[in-house]
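Worksheet: one structure, shown below.
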Amino acid sequence: MPIVKTLSDRVQKYIAKTPADQTGTRYGAVKTLAVNRFIEGAGIMAAVRERVRDILEREGVPAADHGVYYAFAFKLASKALSHAGPELDAIAAGLKSWFVAKGADPAILDKIASLIVG
């Protein structure tokens, strides 16, 4: 079983990789703001990943096939941050057809889309 990185793990790594003495004084001055924005953005994707993982495991999708479903979920979640309503529905439909062409199961994509789009 692979080790799953938590949001806390990711934040600690982000903080460690961006020391102000190496990235510059300008970054050092805004590091707190940058870390807070990273937490906000990463938190959304971390939640999506965990919920999608639940769906995939419940549906019995082999671990080797999870990547295509995570890619779909992350692309759709990213679009959902900027779009809503009929426009987001159209984006979801387009992404679904694109990922079905890559071999994803449309029924599972529908479950993931309903999780993100609502």
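Just so it is clear, the model here is predicted, and its values are computed rather than measured.
- For residues 99-118, the salt bridge (Lys or Arg N to Asp or Glu O under 4.0 Å) pairs, not counting sequence neighbours, are Glu59-Lys111, Lys96-Asp110.
- Of all heavy-atom pairs between Ser97 and Gly94, the closest is OG-O, 2.9 Å.
- Between Arg49 atom CZ and His66 atom NE2 the span is 13.0 Å, to the nearest 0.5 Å.
- Cluster partners of Val117, using a side-chain heavy-atom cutoff of under 4.5 Å among ILVMFWY residues and allowing indirect links, are Met45, Val48, Val52, Ile55, Leu56, Val61, Val68, Tyr69, Tyr70, Phe72, Phe74, Leu76, Leu88, Ile91, Leu95, Trp98, Phe99, Val100, Ile108, Leu109, Ile112, Leu115, Ile116.
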